[in-house]
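Single-structure report; data block below.
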Amino acid sequence: MFKESFDNLRTNSALVHNITNYVTVNDVANVLLAAGASPIMSDDIDDVADITAICGGLNINIGTLNGNTIPAMFAAGAKANALGHKILLDPVGAGASRLRTDTALDLMHKIHFDVIRGNISEIKTLATGSGTTKGVDADIADAVTEDSLESAVKFAKDLSKAAGSIIAITGAIDLVTDGDKCFVIRNGRPEMGLITGTGCQLSALMTAFIVANPDNCLESAAAAVCAMGLAGEIGWSRMQHGDGNSTYRNRIIDAVYNMTGDALEEGAKYEIK
Amino acid sequence: MFKESFDNLRTNSALVHNITNYVTVNDVANVLLAAGASPIMSDDIDDVADITAICGGLNINIGTLNGNTIPAMFAAGAKANALGHKILLDPVGAGASRLRTDTALDLMHKIHFDVIRGNISEIKTLATGSGTTKGVDADIADAVTEDSLESAVKFAKDLSKAAGSIIAITGAIDLVTDGDKCFVIRNGRPEMGLITGTGCQLSALMTAFIVANPDNCLESAAAAVCAMGLAGEIGWSRMQHGDGNSTYRNRIIDAVYNMTGDALEEGAKYEIK
Amino acid sequence: MFKESFDNLRTNSALVHNITNYVTVNDVANVLLAAGASPIMSDDIDDVADITAICGGLNINIGTLNGNTIPAMFAAGAKANALGHKILLDPVGAGASRLRTDTALDLMHKIHFDVIRGNISEIKTLATGSGTTKGVDADIADAVTEDSLESAVKFAKDLSKAAGSIIAITGAIDLVTDGDKCFVIRNGRPEMGLITGTGCQLSALMTAFIVANPDNCLESAAAAVCAMGLAGEIGWSRMQHGDGNSTYRNRIIDAVYNMTGDALEEGAKYEIK
């Protein structure tokens with residue numbers, strides 16, 4: 001199943017419009033290229049509608065939102081909705097500031113997102129309207145663990161139904177649900193959290209996956225999570241003595257570049273709840 | 001000939017002002033340093049004139065243009081023209097949106113550029129006023145091939161004469177012409193297209209080459225294309241099992257860092273038409 | 001002494017708010033993570049006060065300042081001062097343009113900085129109100145050498161007293177002083193200057209060090225300089241034939257990732273004047 005999703009991405013060359021933060025944007029572009037997709041970045045109010053129109057999907061990431069890019073997010077989102085394009089929201093830092101929380105909530109109200117992907121603190125913020133996000137990282141108190149898994153799955157499913165979007169909550173255990181079915185994914189490495197932008201990369205990759213698999217969004221969003229986690233595992237296995245997070249960053253993107261649908265199918269670790 | 005161009009760059013320490021996109025800006029800075037040049041980035045309307053004044057050349061790249069940076073491009077360009085500084089335009093995504101096309105055309109009308117460098121779809125857009133650019137990549141239908149080479153050379157020469165700028169069209173086969181003479185270059189690797197920003201890096205490097213060789217712009221612009229392509233070949237030859245586009249990115253910049261004028265002279269693959 | 005500073009950073013997980021340039025921001029984030037700190041980037045006037053409030057320290061870097069981010073720097077700085085948070089200024093390019101010089105001076109007048117870190121040309125500009133900074137690199141005529149060391153130490157101490165901030169001047173020889181005591185540091189490699197952003201990384205790292213060691217700012221600021229320089233030495237020792245500045249960039253961050261307090265203590269090369 002995941003094999004087909006990834007093979008479709010490799011062959012269909014999804015063009016993804018990213019309105020994203022300037023911290024991790026280069027890695028976002030390279031991971032899309034590594035997977036066979038094409039990135040374009042555009043965040044000016046006078047540019048985004050044209051750019052979104054020629055793309056297959058839109059990835060909105062609020063990591064370094066500002067007074068100029070916020071209106072561009074709404075304009076691009078409206079255009080993508082009007083054209084029936086796939087669209088994903090990454091609410092980076094929702095809960096860490098009023099502006100981030102309000103912008104993410106307002107985007108959810110005015111734009112229909114196919115997928116919303118964040119860490120547990122960000123997603124809880126979207127569900128409740130306020131949060132305790134510690135910067136851009138999840139609050140440890142929120143973590144999805146084996147103990148809290150059942151309640152976390154229920155929370156994700158409920159939010160998915162309420163929002164009308166696939167919800168992807170990523171962390172040590174990842175959840176991807178359409179309200180009915182929930183993929184519980186255990187790929188990845190804890191060291192991925194010591195690289196900036198693995199979450200941003202995943203959001204971009206997930207957008208590409210759903211663009212390439214428009215009739216199979218839930219499975220392909222889950223496939224993206226497994227692909228990124230598997231790349232983290234493969235990249236880690238290639239680490240040498242003295243390597244650290246900067247080299248690890250390269251090795252993860254390299255692992256996506258060399259990944260095949262078969263390898264993803266074989267390496268994916270998930271159950272469905 | 002190319003040896004001298006590169007040796008001049010190594011010894012003259014060209015300072016290049018870049019108004020460029022935030023996607024590939026870090027690689028742009030590092031490739032300039034790798035070649036012996038110095039980068040400075042500045043894109044605010046109140047900052048650019050002072051910065052351009054202390055630099056030897058200006059590299060304008062519209063990859064993430066916006067309402068604040070567009071006026072800064074015009075202001076910096078006017079200052080560079082007034083001072084007789086070298087100036088290059090990289091019309092990223094011209095043809096992909098009205099704003100990009102119009103901005104690039106308007107820049108060409110109001111600023112004199114020593115060189116305009118882009119992919120074939122972008123450059124065709126500049127010639128015709130509209131285009132079919134697929135995001136930031138060239139449309140496959142536009143590609144310069146052995147079959148279309150003669151007509152592409154004529155197109156490039158005609159545009160060069162009309163624009164009064166050296167035109168550099170890069171792709172599988174690269175063309176660099178001043179309207180009279182056209183360098184046809186066959187360095188490089190197709191895998192370079194799977195890294196974000198090799199075109200942006202080339203534009204910056206080319207600016208540095210012409211700053212360091214002010215009386216020899218055509219040859220030094222062609223030398224820059226050969227240098228970037230040769231770095232792509234050398235970088236690829238150092239790839240190990242499991243490496244991908246992220247590592248390749250590093251190896252290309254590393255290859256520029258270690259390149260000598262002699263190696264460039266020897267590795268350059270070109271003919272003149 | 002430095003061991004304790006670094007061990008505190010490893011265990012205390014400093015959250016650092018960065019208002020920084022888009023050129024080197026990814027490396028800034030990764031070096032903070034490498035050292036055990038957490039980065040958050042935010043530069044919008046409506047976002048910065050909330051973000052600074054949840055962080056332990058604020059790192060202001062004017063490398064790509066603009067009309068939107070300058071007011072955000074003042075707002076964030078005022079908030080950090082009101083909350084008693086640690087705050088550092090990196091006056092990138094002060095002396096290279098009027099806007100950079102004036103902004104840096106105005107920030108110094110309106111905000112109290114715990115540390116100001118720059119190259120000698122930037123710091124001289126702050127002391128005199130104008131300068132000859134060559135882009136973002138120090139003017140060679142300004143360099144701190146063994147011959148000019150005594151007068152440079154006196155200059156740094158005097159400025160520290162006048163500004164009420166720790167002054168860190170980095171270059172071939174680094175000076176870190178609180179006006180009374182001056183650390184003279186000889187870690188590092190000249191090749192670090194051929195990577196964009198080692199200075200920006202150091203400013204971020206230094207902010208994290210002083211956040212984690214609030215009662216020991218001078219020593220921990222000096223420890224940060226030694227740590228970055230030592231990482232440059234370790235990274236260089238791992239360079240292979242054909243590697244260049246791009247790989248070196250990765251190896252330096254990797255070296256921070258693998259550094260221990262003991263290794264820093266042992267590798268630090270400094271005297272106190």
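Keep in mind that the numbers below use all heavy atoms, side chains included, and drop hydrogens, waters and symmetry copies.
Within 6.0 Å of atom CD in A:Glu233, more than 12 heavy atoms from other residues, nucleotides or ligands are found, so the atom counts as buried in its surroundings.
The distance from atom CG of A:Asp46 to atom OG1 of B:Thr103, rounded to the nearest 0.5 Å, is 9.0 Å. Rounding to the nearest 0.5 Å places CG of A:Asn26 at 9.5 Å from CG of B:Asn21. Put simply, CG on A:Asp254 and CD on B:Gln240 are 11.0 Å apart, with the number rounded to the nearest 0.5 Å. Atom CZ of B:Arg249 sits about 11.5 Å away from atom CG of A:Leu33, to the nearest 0.5 Å.
In this structure, the portion of A:Asn68 lying under 4.5 Å from any heavy atom of chain B is its side chain and not its backbone. A:Thr69 does not touch chain B: none of its heavy atoms, backbone or side chain, sits under 4.5 Å away.
In terms of heavy atoms, A:Asn258 sits closest to B:Gly242 at ND2-O, 3.0 Å. Nearest approach of B:Ser97 to A:Ile51, heavy atoms of both residues: CB-CD1, 3.8 Å.
In terms of heavy-atom pairs under 4.5 Å with chain B, the best-connected choice from A:Asp27, A:Val25, A:Asp43 is A:Val25. Of the residues considered (B:Thr64, B:Leu194, B:Thr247, B:Asp243), B:Asp243 shows the highest number of contacts with chain A, using heavy-atom pairs under 4.5 Å. In terms of heavy-atom pairs under 4.5 Å with chain A, the best-connected choice from B:Asn245, B:Asn250, B:Val92 is B:Asn245.
A:Asp47 has its side chain within reach of B:Leu65: a pair of non-hydrogen atoms, C-beta onward, lies under 4.5 Å apart.
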I would like to know whether A:Asn30 and B:Ser246 meet side chain to side chain donor-acceptor pair (under 3.5 Å); could you show each step before the answer? CA-CA 7 Å; A:Asn30 275 328; B:Ser246 191; 5.4 Å; no
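A distance-only check finds a donor-acceptor pair linking the side chain of A:Asp44 to the backbone of B:Gly67 [under 3.5 Å].
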